[in-house]
J.: 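Have a look at this one.
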Amino acid sequence: MVTSTRRHVTVVGNPGLDTLVLLHEDAPDLRADGHFVRNVDSVGHAAAFCARTSARLGHRTRVLGSVGRDVAGTYVREVLAADGVDLSLLFRDPDGTARSVNLVRPDGGRTFFYHGGSHMTLTPPGHLVQEALAGADLVLSTLANWARHVVVAARERGIPVAVDLQDVRDPDDPYRRDFVAAADHLFASAAHVPDPVAAAAGWFRRGPARTVVFGMGPRGALLVERAADGSPRPRLVPPPALDLPLVDTTGAGDSLATGFLDGFLLTGMDAEQAVVRGQVVARVCSSAVGGDAGFDRARIDGLVSTLG
């Protein structure tokens, strides 16, 4: 039975500022001195998309992450607060707020240039980590270097852990191993993974994950569940037929992950239904620049109900 209980979600990672460069052509000549484009500043990065989506879906959501004492950090705080995200666990990055410049093509695809501040060397204050885990029904982590220690602590406490592995190129990437070893649920883009089922099988061998969800772009999403014998059980879930524009795919994978977890882990759907729900959330996210399409739980429920 599906429930709609509000849950306590802790998102782990650094929110930041995206500068979206909306191109008029697929492959501009970057050797040219200049181009006329539309530039939009938007709050983004995986932690912000996950936190904002979770809060919009009605969950009590807090984010453990860093921002700078700068204009970008102030803007990030304002936008997260407006969506109802608890900011009490944010700490300061002395190198400033994480930034990204995203070249967004006319088809909504994008190429990003990321600067993560000092996340490789930062350590969150211990008392904030303890507060982040206290009472959490779910820890949803992104890939800030310091976050690996948080997901281990969450697992030791028996809190369900989900990790957005993002743009995977090597399924056995040493940077991601600690995250794989701690996660009950994994999410990744399949754009650079030739054999996602084999990648999921490797992650099942190296960690406790029950499910892996790959974003497959226009093909939909690949759900891989762990069978009783530990082997991968894959199912391709086609994209939902929704009459929405495709404007900007920034944040789509993060929205897919959060929508899936809302359905499967927090409200009791089966895994395939939850993938459909995640894809609906991702599709709504992609219908506006910077993921700023307004939505709440009622809108997502309504769109899901139209799919039969």
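Side chains included, hydrogens not; waters and symmetry mates left out as well; all remaining heavy atoms used. Positions are given from 1, in the same order as the sequence printed here.
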J.: Could you tell me which residues satisfy side-chain contact (heavy atoms from CB on, under 4.5 Å) with His35, sequence neighbours excluded, listed by chain and number?
T.: Glu25, Pro28, Ala32, Val37
J.: Decide yes or no for Val280 and Leu242: does some side-chain heavy atom of the first lie under 4.5 Å from some side-chain heavy atom of the second?
T.: yes
J.: Take atom CZ in Arg92; do more than 12 heavy atoms of anything else shown fall under 6.0 Å from it?
T.: yes
J.: Does the pair Arg176/Asp170 count as a salt bridge with the N-to-O cut at 4.0 Å?
T.: no
J.: So that I know where these two stand, are Phe36 and His24 an aromatic pair - ring centroids less than 6.0 Å apart?
T.: no
J.: Could you give the distance from CG (Leu90) to CG (Asp93), rounded to the nearest 0.5 Å?
T.: 11.5 Å
J.: Could you point out which residue of Phe187, Trp203, Phe260 forms a ring-ring contact (aromatic ring centres under 6.0 Å, His included) with Phe214?
T.: Trp203
J.: Does Arg233 have any side-chain contact (heavy atoms from CB on, under 4.5 Å) partners at least two apart in sequence or in another chain, and if so, which?
T.: Glu225, Arg235
J.: Kindly give the heavy-atom pair with the smallest separation between Val67 and Pro15, and that separation in Å.
T.: CG1-CG, 3.9 Å
J.: Given Ser141, which of Val151, Val11, Leu165 fulfils the side chain to side chain contact (heavy atoms under 4.5 Å, CB included) condition?
T.: Val151
J.: Looking only at heavy atoms, which two atoms of Arg62 and Gly135 are closest? And how far apart?
T.: NH2-C, 4.0 Å
J.: What are the two closest heavy atoms between Val247 and Ser287, and how far apart are they?
T.: CG2-O, 3.4 Å
J.: Does any part of the side chain of Val275, heavy atoms only, come nearer than 4.5 Å to the side chain of Val213, both counted from C-beta?
T.: yes
J.: Looking at Trp146 versus Phe91, is the centre-to-centre ring distance below 6.0 Å?
T.: yes
J.: Working to the nearest 0.5 angstrom, can you tell me the gap between Arg52 CZ and Asp83 CG?
T.: 4.5 Å
J.: Is the closest basic N to carboxylate O distance between Asp172 and Arg177 below 4.0 Å?
T.: yes
J.: Would you say Asp95 and Thr121 make side-chain contact, with heavy atoms under 4.5 Å?
T.: no
J.: What is the distance from atom CD of Gln130 to atom CG of Leu89, rounded to the nearest 0.5 Å?
T.: 11.5 Å
J.: Is it the case that one hydrophobic cluster holds both Val43 and Val63, taking links as side-chain heavy atoms less than 4.5 Å apart, direct or via other members?
T.: yes
J.: Is any side-chain heavy atom of Val168 less than 4.5 Å from a side-chain heavy atom of Asp173?
T.: no
J.: Do side-chain atoms of Thr97 reach the backbone of Gly68 as a donor and acceptor pair under 3.5 angstrom?
T.: yes
J.: Between His59 and Arg7, is there a donor-acceptor pair closer than 3.5 Å when you use the side chain of the first and the backbone of the second?
T.: yes
J.: In Å, rounded to the nearest 0.5 Å, how long is the span from CZ of Arg169 to OG of Ser189?
T.: 9.0 Å
J.: Would you mind reporting whether Val139 and Pro160 have side-chain heavy atoms less than 4.5 Å apart?
T.: no
J.: Between Ser231 (side chain only) and Ala227 (backbone N and O only), is there a donor and an acceptor less than 3.5 Å apart?
T.: no
J.: What are the two closest non-hydrogen atoms of Pro234 and Leu222, and how far apart are they?
T.: CB-CD1, 4.2 Å
J.: Carefully, step by step, assess Thr61 and Ser54 under the rule side chain to side chain donor-acceptor pair (under 3.5 Å).
T.: CA-CA 6 Å; Thr61 305; Ser54 174; 2.7 Å; yes
J.: List in chain and number order the residues that pass side-chain contact (heavy atoms from CB on, under 4.5 Å) with Gln166, two or more places apart in sequence or in another chain; answer none if no residue qualifies.
T.: Ala46, Thr142, Leu143, Asp164
J.: Between Met216 and Pro239, is any pair of side-chain heavy atoms under 4.5 Å apart?
T.: no
J.: Quick check against the 3.5 Å criterion: does Ser100 have a side-chain atom that pairs as donor or acceptor with the backbone of Asn102?
T.: no
J.: Start with the C-alpha distance between Thr10 and Ile159, add both sets of side-chain angles, then the distance that settles side chain to side chain contact (heavy atoms under 4.5 Å, CB included), and finish with yes or no.
T.: CA-CA 10 Å; Thr10 295; Ile159 303 168; over 6 Å; no
J.: Val129, Val163: one ILVMFWY side-chain cluster at the under-4.5 Å cut-off?
T.: no
J.: Test His45 against every option in Thr250, Asp18, Asp254 by the side-chain hydrogen bond (donor to acceptor under 3.5 Å, both in side chains) rule and name the one that passes.
T.: Asp18
J.: Is there a side-chain contact between Arg297 and Asp262 (heavy atoms, below 4.5 Å)?
T.: yes
J.: Of all the heavy-atom pairs spanning Ala274 and Gly263, show the shortest one and how long it is.
T.: CB-C, 4.0 Å
J.: For the CG atom of Leu57 and the CZ atom of Phe295, what is their distance to the nearest 0.5 Å?
T.: 5.5 Å
J.: Against the six-membered ring of Tyr114, is Arg99 placed for a cation-pi contact (under 6.0 Å from the centre, within 45° of the normal)?
T.: no
J.: Can you check whether Ser286's main-chain N or O pairs, donor with acceptor, with Thr249's side chain at less than 3.5 Å?
T.: no
J.: Can you tell me if Asn14 and Ser66 form a side-chain donor-acceptor pair at under 3.5 Å?
T.: yes
J.: Flag the pair Arg299 and Asp301 as a salt bridge only when some basic side-chain nitrogen lies within less than 4.0 angstrom of an acidic carboxylate oxygen.
T.: no
J.: Given 3.5 Å as the limit, does a donor-acceptor pair link the side chain of Arg283 with the main chain of Pro245, or not?
T.: yes
J.: When you measure from the centre of the six-membered ring of Tyr175, is the NZ or CZ of Arg148 closer than 6.0 Å and no more than 45° off the axis?
T.: yes
J.: Measure the shortest side-chain to side-chain distance between Leu307 and Val276 over non-hydrogen atoms and say whether it is less than 4.5 angstrom.
T.: yes
J.: After noting the C-alpha distance and the side-chain angles of Asp195 and Val197, does the key distance pass the side chain to side chain contact (heavy atoms under 4.5 Å, CB included) rule?
T.: CA-CA 6 Å; Asp195 189 342; Val197 177; 3.8 Å; yes
J.: Regarding Asp86 and Arg60, does a basic nitrogen lie under 4.0 Å from an acidic carboxylate oxygen?
T.: no
J.: Within the side chain of Arg226, is there an N or O that forms a donor-acceptor pair under 3.5 Å with the backbone of Ala209?
T.: yes
J.: Under the 3.5 angstrom rule, does the side chain of Thr53 hit a backbone N or O of Cys50 as a donor-acceptor pair?
T.: no
J.: Tell me the closest heavy-atom pair linking Phe204 and Val212, and the distance in Å.
T.: CE2-CG2, 3.8 Å
J.: Just verifying a value: how many Å separate His185 NE2 and Thr211 OG1, rounded to the nearest 0.5 Å?
T.: 5.0 Å
J.: Under 4.5 Å between side-chain heavy atoms, hopping through other hydrophobics if needed: is there a path connecting Val289 to Val76?
T.: no
J.: Start with the C-alpha distance between Arg210 and Phe264, add both sets of side-chain angles, then the distance that settles side chain to side chain contact (heavy atoms under 4.5 Å, CB included), and finish with yes or no.
T.: CA-CA 12 Å; Arg210 298 164 52 197; Phe264 183 65; 3.5 Å; yes
J.: Can any side-chain N or O of Gln273 pair as donor or acceptor with the backbone N or O of Asp270 at less than 3.5 Å?
T.: yes
J.: Is there a path from Leu261 to Val284 through hydrophobic residues (I, L, V, M, F, W, Y) whose side chains come within less than 4.5 Å of each other?
T.: yes
J.: Is Leu80 reachable from Leu64 through a run of hydrophobic residues whose side-chain heavy atoms are each under 4.5 Å from the next?
T.: no
J.: Set out, in order, the CA-CA distance, both residues' side-chain angles and the distance that settles side chain to side chain contact (heavy atoms under 4.5 Å, CB included) for His8 and Leu138, then state yes or no.
T.: CA-CA 7 Å; His8 290 267; Leu138 168 67; over 6 Å; no
